[in-house]
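Start at 1 and go down the list; that is how both ligands and their atoms are numbered.
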Amino acid sequence: MDNPPARGLPPLPNVSIDLDSGRLTGASSGYAKRFAELRGVFADDEALTALIEERPEAVAYEVSEWRRSDEAGDLAFGTTVLQPVMVGREFNMTRGHLHRVADRTEMYLGLAGEGALVLTGPDGPSRVVALSRGSVAYVPPWTRHRAVNVGSTEFAFLFCYPADAGQDYDAVERGGGLPIMIVSDGQGGWRAETRSRHLRGAGTVSGRDTGRD
Ligand code: PA5
Ligand code: NI
């Protein structure tokens, strides 16, 4: 896209977003991610297996987006809607990724429900940013990120990122997942814990920006 188009304008989106549900109309692509495809993502394998056995088709989240191309200079944008589901003590969440072009950034805008965005920098430190309707979060370069539904209703957010960013899921898996997990605090709220192989992770993460205390 070094040169202007020969004539006219490129294709423009005909997209609208229902701000109460996060549902997007006019997407150029989208997918639903089922819990059955998320083995290894949640800490509690037994709880995930039980959920899948009970509801094999259960959807964890849906992504709808619009993009014109995958080229540098273009933007991709869309919405993600996460279902309110617990997997053991852990809240439903996206797989999480590093952008394949790792210095690419992203912004999130909360639309509906209550969520959290887990951010983990290249050298390890994590932050958790609470997201609800109208709140904005920023994913810096070289930052692994994952969205979590910490509420009891659907959590929906808008995302926007450079169209050439891509998603590298192996980068997260190679590192054994993100180093923290978002779990129930046992009192109707949530907290971040250091992720360990075991369900009872130890320690509260420092550097939490916002959220209920
Ligand atoms: O680019 C983003 O961060 C989002 O569009 C996510 O891809 C989306 O929320 C789904 O998450 P993931 O790609 O980690 O499964
Ligand atoms: Ni991203």
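Both Met93 and Tyr31 belong to a common hydrophobic cluster when Ile, Leu, Val, Met, Phe, Trp and Tyr are linked at side-chain heavy-atom distances under 4.5 angstrom.
Using bins of under 30°, 30° to 60° and over 60° for the plane-to-plane angle, the ring pair His99/Tyr161 lands in the parallel bin.
Close approach of ligand 1 to Arg95 is summarised as follows: ligand atoms under 4.0 Å from at least one heavy atom of the residue are 14 (O), 15 (O). Per-residue contacts place Gln167 under 4.0 angstrom from the following atoms of ligand 1 (heavy atoms of the residue considered): 1 (O), 7 (O). Proximity to Val63 (heavy-atom distance under 4.0 Å) selects the following atoms of ligand 1: 8 (C), 10 (C). Ligand-side atoms of ligand 1 in range of Tyr108: 2 (C), 3 (O), 4 (C), range being under 4.0 angstrom from any heavy atom. Listed by atom number, the atoms of ligand 1 under 4.0 Å from Phe157 heavy atoms are 9 (O). Atoms of ligand 1 lying under 4.0 Å from any heavy atom of His145, numbered from 1 in the order shown and given with element: 3 (O).
The environment of CH2 in Trp142 is sparse: at most 12 heavy-atom neighbours from other residues, nucleotides or ligands sit within 6.0 Å.
Residue Gly96 places at least one N or O, backbone or side chain, under 3.5 Å from an N or O of ligand 1. Here's the thing with His99: none of its N/O atoms is less than 3.5 angstrom from an N/O atom of ligand 1. At a 3.5 angstrom cut-off on N or O pairs, Thr80 counts as close to ligand 1.
At a 4.0 Å heavy-atom cut-off, ligand 1 does not touch Phe77 at all. In Arg146, neither the side chain nor the backbone holds a heavy atom less than 4.0 Å from any atom of ligand 1.
Considering only non-hydrogen protein atoms, atom 11 (O) of ligand 1 sits nearest to Thr94 CB, 3.4 Å. For atom 2 (C) of ligand 1, the nearest non-hydrogen atom of the protein is Glu106 OE2, 2.8 Å. Nearest protein heavy-atom contact of atom 15 (O) of ligand 1 is Tyr61 OH, 2.5 Å. The protein heavy atom nearest to atom 7 (O) of ligand 1 is His97 CE1, 3.4 Å. At the top of the distance list for atom 13 (O) of ligand 1, counting protein heavy atoms only, stands Tyr169 OH, 2.5 Å.
In this structure, Tyr31 counts as a contact residue of ligand 1, since one of its heavy atoms falls inside 4.0 Å of the ligand.
Side-chain atoms of Arg133 come within 3.5 Å of backbone atoms of Leu111 as a donor-acceptor pair (strictly under, hydrogens ignored). Of the possible polar contacts, none joining the Arg100 side chain to the Asp168 backbone as a donor-acceptor pair under 3.5 Å is found. In terms of modelled atom types and a separation under 3.5 Å, the side chain of Asn92 and the main chain of Gln83 share a donor-acceptor contact. At distances below 3.5 Å, at least one donor-acceptor pair connects side-chain atoms of Thr79 with backbone N or O atoms of Gly22.
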_Test side chain to side chain contact (heavy atoms under 4.5 Å, CB included) applied to Arg39 and Thr49, step by step_ = CA-CA 8 Å; Arg39 288 191 183 278; Thr49 299; 3.2 Å; yes
*Do Arg95 and Glu37 pass the salt bridge (Lys or Arg N to Asp or Glu O under 4.0 Å) test, and can you show the C-alpha distance, the side-chain angles, and the key distance before you say yes or no?*
CA-CA 10 Å; Arg95 278 170 297 176; Glu37 301 169 85; over 6 Å; no
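Within Glu106, the N, O or S atom lying nearest to the Ni ion (ligand 2) carries the name OE1. Among heteroatoms of the N, O or S kind in His145, NE2 lies nearest the Ni ion (ligand 2).
Rounded to 10°, the angle formed at the Ni ion (ligand 2) by His99 NE2 and His97 NE2 is 100°.
A salt bridge links Asp164 to Arg104: at least one charged side-chain nitrogen sits closer than 4.0 Å to a carboxylate oxygen.
Among the candidates His145, Glu173, Arg144, the single residue satisfying the side chain to side chain donor-acceptor pair (under 3.5 Å) test with His97 is His145.
In terms of heavy-atom proximity, Leu24 sits nearest to Val15 at CG-CG1, 3.7 Å.
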